[in-house]
Amino acid sequence: MEQTLYLVLLLIALCSVSECVQRQYHFINVRKTWTEAQRYCRENYTDLATADNMTDMIELKKSVTDGGGQDVWIGLQKTSVNKWQWSSGDPVLYLNWGSGQTNGSDCGFMSNGQIYNYPCSALLQFICNNNKLILIKENLTWPEALRYCRQKHVDLVSVHSDEMQRRVMNVVKAASTAEVWLGLHNYCIMNMWLWLSGENMYYQNWAPGHGTTPEDCSLEKRKGAVQSGGDQRWVSLPETHKLNFICTNYE
């Protein structure tokens, strides 16, 4: 019980530090199938829109500009019977289903703040997640990199899915250091790794010998980085190492 309470307070504090930056969305006033919309978002923005809570749904609804229809594709797709996943690979934490849903079709759209399913071949307007990754080729400690990203962009990057890992892998190829800082930090008191975004670590990509055993924080705090070469996995390093880093930003 005490550990759970500590985690809740920790996440609240983390959220206040990062100012709880919400996802940014971009409405596309062109009609496409779900797959075509996904491809467009991945080529021009980040991915089809993800919504983890009611606040995200409100922002999604607000993003539909004048001239847009009420029915718009979002990044929700059925992967098996009664199992849904976001296009980004994120787990589905929140679904605001509209009334009368039969769960019969394989793709999800939003209508007036509620979610419905529909054949993926239908032509609808759609909403993209609107953020990009920026490699900073300055060698900074993790706290310095965090300050830089929050002052000039949004935050250090969080990697929460295969799709985001692939985007990070493409970016870090141009790095000038062997590792590149991520927005990943360790809380030794609970032996936990957390993303700055507050997202849970459902997806992990640690290099062998890293991230899966208790950290020795007696000398220095530990932070997470991604290898810029090899198989580009994550490693645990002292936060005083000076590395390139990746910021997120909204266009």
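Computed from a prediction, not measured in an experiment: that's the story for all the values here.
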Asker: Show me the pairs that pass salt bridge (charged side-chain N to carboxylate O under 4.0 Å, His left out) and involve residues 219-230, at least two apart or across chains.
Answerer: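 Residue pairs passing salt bridge (charged side-chain N to carboxylate O under 4.0 Å, His left out), neighbours aside: Glu215-Arg222, Lys223-Glu239.
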
Asker: Carefully, step by step, assess Asp52 and Thr50 under the rule side-chain contact (heavy atoms from CB on, under 4.5 Å).
Answerer: CA-CA 7 Å; Asp52 285 337; Thr50 298; 3.9 Å; yes

Asker: With ring pair (Phe, Tyr, Trp, His ring centres under 6.0 Å) as the criterion, how do His185 and Trp142 come out once you've worked through the C-alpha distance, each side chain's angles and the decisive distance to 0.1 Å?
Answerer: CA-CA 9 Å; His185 52 159; Trp142 192 91; 5.6 Å; yes

Asker: Would you say the side chain of Met164 lies within less than 4.5 Å of the side chain of Leu133, judging by non-hydrogen atoms?
Answerer: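 With C-beta onward as the side chain, the pair touches.
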
Asker: What residues, two or more places apart in sequence or in another chain, satisfy side-chain hydrogen bond (donor to acceptor under 3.5 Å, both in side chains) together with His153?
Answerer: Asn249

Asker: Looking at every non-hydrogen atom in both residues, tell me the closest pair between Gly75 and Trp34 and how far apart they are.
Answerer: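 Looking at all heavy atoms of both residues, the shortest contact is C-CZ2, 3.9 Å.
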
Asker: As an exercise, state the distance from CD1 of Ile115 to CH2 of Trp97, rounded to the nearest 0.5 Å.
Answerer: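 CH2 of Trp97 is found 6.0 Å from CD1 of Ile115.
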
Asker: Can you tell me how far the CD1 atom of Ile28 sits from the SG atom of Cys128, to the nearest 0.5 Å?
Answerer: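 Here the rounded value is 4.5 Å.
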
Asker: Would you say Asn117 and Asp106 are linked by a side-chain donor-acceptor pair, where the criterion is simply a distance under 3.5 Å?
Answerer: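 Side chains of Asp106 and Asn117: no pair found under 3.5 Å.
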
Asker: Measuring from Ser176:OG to Ile136:CD1, what's the distance to the nearest 0.5 Å?
Answerer: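 One finds 11.5 Å between OG of Ser176 and CD1 of Ile136.
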
Asker: If every non-hydrogen atom of Leu184 is compared with every non-hydrogen atom of Trp193, which pair is closest and at what distance?
Answerer: CG-CE3, 3.5 Å

Asker: Test of understanding: with side-chain hydrogen bond (donor to acceptor under 3.5 Å, both in side chains), list the residues that count as partners of Ser111, not counting sequence neighbours.
Answerer: Asp71

Asker: One pair to check against side-chain contact (heavy atoms from CB on, under 4.5 Å): Asn205 and Val159. What are the steps and the verdict?
Answerer: CA-CA 9 Å; Asn205 192 38; Val159 184; over 6 Å; no

Asker: Looking at Cys120 and Thr33, what are the two nearest heavy atoms and their distance?
Answerer: O-CB, 3.5 Å

Asker: Hydrophobic cluster membership, with links at side-chain heavy-atom distances under 4.5 Å among I/L/V/M/F/W/Y: are Leu123 and Leu76 in one?
Answerer: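 They do not share one cluster, since no chain of ILVMFWY contacts under 4.5 Å joins Leu123 to Leu76.
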
Asker: If only side-chain N and O atoms count, and only distance matters, is there a donor-acceptor pair under 3.5 Å linking Asp155 with Thr248?
Answerer: no

Asker: Tell me whether Glu59 is salt-bridged to Lys62, with the criterion being a basic N under 4.0 Å from an acidic carboxylate O.
Answerer: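 Result for this pair is yes, salt bridge flagged.
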
Asker: For a ring pair (Phe, Tyr, Trp, His ring centres under 6.0 Å) check, start with the C-alpha distance between Phe126 and Phe27, then their side-chain angles and the critical distance, and finish with the verdict.
Answerer: CA-CA 6 Å; Phe126 54 98; Phe27 169 66; 8.1 Å; no

Asker: Can you find a pair of side-chain heavy atoms, one from Val72 and one from Leu124, that are under 4.5 Å apart?
Answerer: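 Of all side-chain heavy-atom pairs linking Leu124 with Val72, none is under 4.5 Å.
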
Asker: Can you name the closest pair of heavy atoms from Ala207 and Gln227 and give their distance?
Answerer: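 In this case the closest contact between Ala207 and Gln227 is CB-NE2, 4.0 Å.
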
Asker: Taking all heavy atoms of Met169 and all of Asp231, pick out the closest pair and write down the distance.
Answerer: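 Between these two residues, the closest heavy atoms are CE-O, 4.3 Å.
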
Asker: For Phe109, give me all partners under ring-ring contact (aromatic ring centres under 6.0 Å, His included), at least two apart in sequence or on another chain.
Answerer: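 With sequence neighbours excluded, Phe109 shows a ring-ring contact (aromatic ring centres under 6.0 Å, His included) to Tyr116, Tyr118, given in chain and number order.
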
Asker: Does any non-hydrogen side-chain atom of Trp206 lie less than 4.5 Å from one of Val235?
Answerer: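 When only atoms from C-beta onward are counted, Trp206 and Val235 do not touch, as no gap falls below 4.5 Å.
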
Asker: Look up atom CZ in Phe245 and atom CD in Glu144, then write down how far apart they are to the nearest 0.5 Å.
Answerer: 9.0 Å

Asker: Heavy atoms, side chains only, cut-off 4.5 Å: are Thr177 and Asn139 in contact?
Answerer: yes

Asker: List the steps, then state whether side chain to side chain donor-acceptor pair (under 3.5 Å) holds for Asn29 with Gln125.
Answerer: CA-CA 5 Å; Asn29 193 7; Gln125 296 154 314; 2.2 Å; yes

Asker: Ignoring hydrogens and angles, state whether a donor on the side chain of Gln165 or Trp234 is under 3.5 Å from an acceptor on the partner side chain.
Answerer: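 There is such a pair (donor and acceptor under 3.5 Å, judged by atom type) between the side chains of Gln165 and Trp234.
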
Asker: Can you tell if the side chain of Trp84 reaches within under 4.5 Å of the side chain of Thr79, non-hydrogen atoms only?
Answerer: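 Contact flag for Trp84/Thr79 side chains = no.
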
Asker: Between Ser87 and Gln38, do the side chains contain a donor N or O and an acceptor N or O under 3.5 Å apart?
Answerer: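 Result is yes, a qualifying pair exists.
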
Asker: Looking at residues at least two apart in the chain, or sitting in another chain, which of them share a salt bridge (Lys or Arg N to Asp or Glu O under 4.0 Å) with Arg39?
Answerer: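 For Arg39 there are no salt bridge (Lys or Arg N to Asp or Glu O under 4.0 Å) partners, ignoring immediate neighbours.
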
Asker: Quick check for you: to the nearest 0.5 Å, what is the distance between Ser158 atom OG and Ile246 atom CD1?
Answerer: 11.0 Å

Asker: Does any part of the side chain of Gln232, heavy atoms only, come nearer than 4.5 Å to the side chain of Lys173, both counted from C-beta?
Answerer: yes

Asker: Any sub-3.5 Å donor-acceptor pair from Lys32's side-chain atoms to Tyr40's backbone N or O?
Answerer: no

Asker: Any idea which heavy atoms bring Ala51 and Tyr25 closest together, and the distance?
Answerer: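 Residues Ala51 and Tyr25, closest heavy atoms: CA-OH, 4.1 Å.
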
Asker: Please list, chain by chain and in numerical order, all residues satisfying side chain to side chain contact (heavy atoms under 4.5 Å, CB included) with Ser228, sequence neighbours excluded.
Answerer: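 For Ser228, the residues satisfying side chain to side chain contact (heavy atoms under 4.5 Å, CB included) (neighbours in sequence not counted) are Val172, Ala175, Val180.
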
Asker: Hey, does Glu179 have a side-chain heavy atom less than 4.5 Å from the side chain of Leu237?
Answerer: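 SC-SC contact between Leu237 and Glu179 confirmed.
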
Asker: Is there side-chain contact between Ile127 and Val64, with at least one heavy-atom pair below 4.5 Å?
Answerer: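 A side-chain contact exists here, since the closest heavy-atom pair is under 4.5 Å.
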
Asker: How many angstroms lie between CE in Met110 and CD in Gln70, if you round to the nearest 0.5 Å?
Answerer: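 It comes to 9.0 Å.
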
Asker: Any link between Leu156 and Leu140 through a network of hydrophobic side chains (Ile, Leu, Val, Met, Phe, Trp, Tyr) touching at under 4.5 Å?
Answerer: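 Yes, it is one cluster - the side chains of Leu156 and Leu140 are joined through contacts under 4.5 Å.
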
